[in-house]
Amino acid sequence: MKQTPVLMGIDIGGSNIKCAVFDLKGRELATAKTAPPVHQPQAGWVEREAEAVWAAVCQVIRTAIQMSSIFPHQVASVSLCGYGGGLCLVDEQGDAVYPLIVSTDTRASCQLKTLYDCGAAEKIFHITHQQPWEGQAASLLHWFREYRPDVLSRARYLLTVKDYICSQLTSQISCEITDASNHNLIDPKSSSYSENLFRLSDLEDERRLFDAPLLSPISVAGRITASAAAATGLAQGIPVAAGLYDVSACTLGCGALEPGTFAMTNGTWSMASCFSSSYQQADESTIVTVTALEDRFLLEQGSPTGTVNLEWYLDRFLSRNHPELSRKQLYDLCGTVVEKPNPQNHVLFIPHLYLGGEKPNTGGAFLNLQGHHEEEDLLYAVMEGILLSTIHHISLLEKGTTPFSSAVLSGGLSSSRPWSQMLCDMLQRPITIPEGSQQGARGAAMCAGIAIGAFSNFHQAAEAMVHPARTMEPRSEYHELYHTRTETYEKALRVIHSL
């Protein structure tokens, strides 16, 4: 009996590590996920032990193989995606010399302030269109220089989490361009490291840490070694493609390749992204990175204003008030609450519960509360506020790009038809929800397929592997309602930020 080849995508997120197996037609055969422990030894520090992350990757690979009922040798190619920012310092052999720092780490806030105070941050932005932040290499390396020079002296390479796992799978050390562009040390116009950016960042002494080969997403970074095969259950010798930054992977995995289409991912973070041929007119808050598509840049907007805010309301209030309800029943209640728009509910929720440390006066808030409001009014406001934040990001993303005519939605929000329909009504544009649940892993698997010649390019890979599960159309009768609500939300943001 002929055994058909499959592709594997591994998605290393800040919360969960996921693995998905796809056939060459894009059918999601199996998925697995786990969450390795996160350590916060001091305020603002967010770390993971390198060995724990590698063990978690091995676990999800083994589970995905088992759940898909395939033989290991059916996996024709593997690739990865991972969160941008953070860092992993390794020695000459590729062994970590310090725990992996997650991108949400803020230990380097003082070093970041120095970059802004001396004017370097502004000059960096004019080259990269990225505002420096605490979880990037520039700030973190200055922290290590000041507090842990012993670690820097032992380090030979700086890798992202995804590139570190790639090196564990293949015993080959390399960096991948879309992920490396999150370091704010690559000029997006040339897609290469800029010596001027190293100078502006005062990192000339650390330039040696970036000497690993810089690969394209579809390059074969190496092959599964005997030791990695034993640890993961994969067959030795399988090619591993270099992969992608996770937002880029998800945008590709959603099939949002063409101008006029953008991708929305609403999970812990609310993200909006698109591929564009230019970024000069983009809003200052839009992040620009290098992409896998020729002559295209990835433009993205995002913040932790997504479904994590709903989980807060469910955990702190609804589940305590209704201990008899299962989690599924609570989610069903959420769907019922937003089944029909409620123009009489004027409560406004600002979903900035996890944004407060980034700017003054940006904590979450309920506005327009009155004595007659009840539990479901607040739940409705929370769910609506999360979407209004998404619309805010989309409006900023749209500046300086081709006007959007359609959108693709993935993440936890996409599993709720009523909530997705509310977003569609706010946008007044069609929304497509693709098949499957792991679009970041799908984007990585597309890299794996191109690397071995199963597809000639990303457009062919998307045509073969990305299929709509359903498409929603906006209801024009709610246009005025949500136009007014959006204006109110934007006004509230301006007032809060002015305090």
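Note that the structure is a prediction, hence the values are computed from the model and not measured.
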Asks: Just verifying a value: how many Å separate L89 CG and E206 CD, rounded to the nearest 0.5 Å?
Replies: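 So the CG of L89 and the CD of E206 are separated by 10.0 Å.
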
Asks: Restricting to non-hydrogen atoms, name the atom on A249 and the atom on G440 that form the minimum distance, rounded to 0.1 Å.
Replies: CB-O, 3.5 Å

Asks: Stepwise, does the side chain to side chain donor-acceptor pair (under 3.5 Å) test hold for E258 with H459?
Replies: CA-CA 9 Å; E258 300 301 331; H459 285 83; 3.0 Å; yes

Asks: Checking side-chain polar atoms at under 3.5 Å, does H393 have a donor or acceptor matched by the opposite partner on E300?
Replies: no

Asks: Taking the side chain from T160 and the backbone from D163, do they hold a donor-acceptor pair closer than 3.5 Å?
Replies: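 At least one qualifying donor-acceptor pair exists.
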
Asks: Taking the basic N atoms (NZ, or NE/NH1/NH2) and the acidic carboxylate oxygens, is any pair closer than 4.0 Å for K25 and E435?
Replies: no

Asks: So which heavy atom on P188 is nearest to which on Y279, and how close?
Replies: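 So the two residues come closest at CG-OH, 3.4 Å.
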
Asks: Just do the side chain to side chain contact (heavy atoms under 4.5 Å, CB included) check on Q136 and Q130 with the steps written out, would you?
Replies: CA-CA 11 Å; Q136 280 185 320; Q130 286 186 36; 2.9 Å; yes

Asks: Do I127 and I124 have side-chain heavy atoms sitting under 4.5 Å apart?
Replies: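 Of all side-chain heavy-atom pairs linking I124 with I127, none is under 4.5 Å.
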
Asks: Please report the interatomic distance CG(L387) to CZ(R485), rounded to the nearest 0.5 Å.
Replies: 11.5 Å

Asks: Answer whether the closest heavy-atom distance between the side chains of F125 and E122 falls below 4.5 Å.
Replies: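 No, side chains not in contact.
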
Asks: Can you list the steps and then say if T178 with E176 is a side chain to side chain donor-acceptor pair (under 3.5 Å)?
Replies: CA-CA 6 Å; T178 69; E176 180 274 318; 2.7 Å; yes

Asks: Is the closest basic N to carboxylate O distance between E311 and R327 below 4.0 Å?
Replies: yes

Asks: Can T401 and T286 be said to form a side chain to side chain contact (heavy atoms under 4.5 Å, CB included), step by step?
Replies: CA-CA 11 Å; T401 63; T286 296; over 6 Å; no

Asks: Would S219 and S216 count as a side chain to side chain donor-acceptor pair (under 3.5 Å) here? Give the steps.
Replies: CA-CA 5 Å; S219 298; S216 76; 2.8 Å; yes

Asks: Is it the case that more than 12 heavy atoms not belonging to E477 sit under 6.0 Å from its CD atom?
Replies: yes

Asks: Taking N182 for the side chain and G85 for the main chain, is one N or O donor matched with an acceptor at less than 3.5 Å?
Replies: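 No.
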
Asks: Does some side-chain heavy atom of I61 sit less than 4.5 Å from a side-chain heavy atom of V78?
Replies: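 V78 does not reach I61 side chain to side chain.
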
Asks: Say whether, by atom type as modelled, one donor and one acceptor occur between the side chain of S201 and the main chain of L203 under 3.5 angstrom.
Replies: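 No.
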
Asks: Calculate, to the nearest 0.5 Å, the distance between atoms CG and OG1 belonging to L427 and T390 respectively.
Replies: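 It comes to 9.0 Å.
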
Asks: Any side-chain heavy atom of V247 within less than 4.5 Å of one from M271?
Replies: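 Answer yes - side chains close enough.
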
Asks: Look at the side chain of E28 and the backbone N and O of S437, then say whether any donor-acceptor pair between them is shorter than 3.5 Å.
Replies: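 Yes; judged by distance alone, with no hydrogens or angles, the pair exists.
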
Asks: Closest heavy-atom contact between Q172 and G222?
Replies: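 For Q172 and G222, the tightest heavy-atom pair comes out as CG-CA, 4.4 Å.
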
Asks: Below 6.0 angstrom between ring centroids: does that apply to H183 and F210?
Replies: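 Yes.
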
Asks: Mind checking whether C175 and L159 have side chains closer than 4.5 Å, heavy atoms only?
Replies: yes

Asks: Counting C-beta onward and ignoring hydrogens, is there a side-chain heavy-atom pair between V408 and S410 closer than 4.5 Å?
Replies: no

Asks: Would you find a donor on one side and an acceptor on the other, under 3.5 Å apart, between the side chain of S79 and the backbone of A241?
Replies: yes

Asks: Spell out, as yes or no, whether a donor-acceptor pair under 3.5 Å connects the side chain of D105 to the backbone of G135.
Replies: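 A pair under 3.5 Å: no.
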
Asks: Please list, chain by chain and in numerical order, all residues satisfying side chain to side chain donor-acceptor pair (under 3.5 Å) with N309, sequence neighbours excluded.
Replies: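 Partners of N309 under the side chain to side chain donor-acceptor pair (under 3.5 Å) test: none.
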
Asks: Sequence neighbours left out, what pairs pass ring-ring contact (aromatic ring centres under 6.0 Å, His included) with at least one residue falling in residues 424-450?
Replies: none

Asks: Where is the tightest heavy-atom contact between F297 and S277, given as atom of each residue plus distance?
Replies: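 Answer, listing the atom of F297 first, then S277: CE1-O, 3.5 Å.
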
Asks: Between F262 and F404, how do the two ring planes meet: parallel, tilted or perpendicular, split at 30° and 60°?
Replies: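 It falls in the tilted class, 30° to 60°.
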
Asks: One pair to check against salt bridge (charged side-chain N to carboxylate O under 4.0 Å, His left out): K189 and D187. What are the steps and the verdict?
Replies: CA-CA 5 Å; K189 293 179 181 177; D187 186 337; over 6 Å; no

Asks: Verify, without hydrogens or angle tests, whether S167 (side chain) and Y164 (backbone) share a donor-acceptor contact under 3.5 angstrom.
Replies: yes

Asks: Would you say CD of E463 has more than 12 non-hydrogen atoms from neighbouring residues, nucleotides or ligands within 6.0 angstrom?
Replies: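 Count not over threshold, so no.
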
Asks: Let's go through C334 and L310 carefully: what are the C-alpha distance in whole Å and the side-chain angles of both, what is the deciding distance for side chain to side chain contact (heavy atoms under 4.5 Å, CB included) to 0.1 Å, and is it a yes or a no?
Replies: CA-CA 9 Å; C334 292; L310 176 61; 4.1 Å; yes

Asks: How many angstroms lie between SG in C81 and NZ in K162, if you round to the nearest 0.5 Å?
Replies: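 One finds 8.5 Å between SG of C81 and NZ of K162.
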
Asks: Can you tell whether the side chains of E398 and R429 come within less than 4.0 Å, N to carboxylate O?
Replies: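 Looking at R429 together with E398, the answer is yes, because their closest N to O distance falls below 4.0 Å.
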
Asks: A side-chain contact here means heavy atoms from C-beta on lying under 4.5 Å apart; do L115 and Q111 qualify?
Replies: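 L115 does not reach Q111 side chain to side chain.
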
Asks: Where do A32 and V60 come nearest, in terms of heavy atoms and distance?
Replies: CB-O, 3.6 Å

Asks: Which pair of non-hydrogen atoms, one from G306 and one from N266, has the smallest distance, and what is that distance?
Replies: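 Taking every non-hydrogen atom into account, CA-OD1, 3.3 Å.
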
Asks: Do T251 and S273 get their side chains close enough for a donor-acceptor pair, meaning under 3.5 Å?
Replies: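 Short answer, yes.
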
Asks: Examine distances only and state if a side-chain atom of Y482 and a backbone atom of M422 form a donor-acceptor pair shorter than 3.5 Å.
Replies: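 No, because the side chain of Y482 does not come within donor-acceptor range (under 3.5 Å) of the backbone of M422.
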
Asks: Count the heavy atoms belonging to other residues, nucleotides or ligands that lie under 6.0 Å from CD of E294, then report whether that count exceeds 12.
Replies: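 It does not: E294 CD has 12 such atoms or fewer within range.
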
Asks: Quick one: are L388 and F349 in side-chain contact, heavy atoms under 4.5 Å?
Replies: no

Asks: Only distances under 3.5 Å count here; give the side-chain donor-acceptor pairs of residues 411-418 to other protein atoms, sequence neighbours excluded, each with its distance to 0.1 Å.
Replies:
unit_1	atom_1	unit_2	atom_2	d
S414	OG	G411	O	2.6
S415	OG	G412	O	2.7
S416	OG	W419	N	3.3

Asks: Is T291 reaching over with its side chain to a backbone N or O of R296, donor-acceptor style, under 3.5 angstrom?
Replies: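 Looks like yes, one N/O pair under 3.5 Å.
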
Asks: In terms of side-chain heavy atoms, does D283 have a donor or acceptor partner in S285 at a distance below 3.5 Å?
Replies: yes

Asks: Working to the nearest 0.5 Å, report the span between CD of Q421 and CG of L423.
Replies: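 Answer for the CD-CG pair, Q421 versus L423, is 9.5 Å.
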
Asks: Between S278 and Q280 (side chain of the first, backbone of the second, donor and acceptor by atom type, cut-off under 3.5 Å), is there such a pair?
Replies: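 Looks like no, no N/O pair under 3.5 Å.
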
Asks: Output the distance between atom CE (M426) and atom OH (Y489), rounded to the nearest 0.5 Å.
Replies: 10.0 Å

Asks: Pair Y331, L314 - check side chain to side chain contact (heavy atoms under 4.5 Å, CB included), show working.
Replies: CA-CA 9 Å; Y331 288 138; L314 297 184; 3.6 Å; yes

